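What follows is a single structure, written as structure tokens, with notes after it.
Note that the structure is a prediction, hence the values are computed from the model and not measured.
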Amino acid sequence: MTVEALYILRRQAPRSAFKDLDRVVLTADVTTDDGVTVAAGAEGTIVGVWRDGAAYEVEFTTPVAGLATVLPSALAPTP
């Protein structure tokens, strides 16, 4: 095991604010992979976590169906 791997295993800080299948709400408008705008307030499900939470792949079903890569600053947990 390398020193770097040991450091990663010993890290105390959470790696990501959200995990796969968490329900979230948008705090800002985002654009889906298909170019459709999803308005702030829309709820979705996390389906991918990129670089320990640097961005999230979120699936939306209403009001627009689609996938979008969303920064953590544009997400909040659902109430």
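- Applying the side-chain hydrogen bond (donor to acceptor under 3.5 Å, both in side chains) rule to pairs touching residues 34-49 yields Arg23-Glu43, Arg23-Thr45, sequence neighbours excluded.
- The two residues Pro63 and Ala42 have their closest heavy-atom pair at CD-CB, 4.0 Å.
- In this structure, Leu67 is not a member of the same hydrophobic cluster as Val70, with clusters built from ILVMFWY side-chain heavy atoms closer than 4.5 Å.
- Across every non-hydrogen atom of Val49 and Phe18, the tightest pair is CG2-O, 4.0 Å.
- Side-chain contact between Val38 and Thr31: absent, with no pair of heavy atoms (C-beta onward) separated by less than 4.5 Å.
- Take Phe60 and apply the ring pair (Phe, Tyr, Trp, His ring centres under 6.0 Å) test, not counting sequence neighbours, and it matches no residue.
- Of the inter-residue distances, the one linking Glu59 atom CD with Thr32 atom OG1 reads 12.0 Å to the nearest 0.5 angstrom.
- Minimum heavy-atom separation, Pro72 to Gly53: CG-O, 3.4 Å.
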Query raised in the report: Run the side-chain contact (heavy atoms from CB on, under 4.5 Å) check on Glu57 and Asp33 step by step: do they pass?
Result: CA-CA 10 Å; Glu57 192 73 21; Asp33 296 342; 3.3 Å; yes

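- The minimum heavy-atom distance between Ala40 and Thr27, with the atom names listed, is CB-C, 3.8 Å.
- Side-chain atoms of Asp22 never come within 3.5 Å of backbone atoms of Ile46 as a donor-acceptor pair (strictly under, hydrogens ignored).
- Inter-residue side-chain proximity for Tyr56 and Thr69 is flagged as unmet; no heavy-atom pair is nearer than 4.5 Å.
- Here the shortest heavy-atom pairing between Ala68 and Val30 reads CB-CG2, 4.2 Å.
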Requested in this report: Report the C-alpha separation of Leu75 and Val25 in whole Å, then their side-chain angles, then the decisive distance to 0.1 Å, and conclude whether the side-chain contact (heavy atoms from CB on, under 4.5 Å) test is met.
Outcome: CA-CA 6 Å; Leu75 293 173; Val25 62; over 6 Å; no

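- Between Val24 and Val58 there is a side-chain heavy-atom pair separated by less than 4.5 Å.
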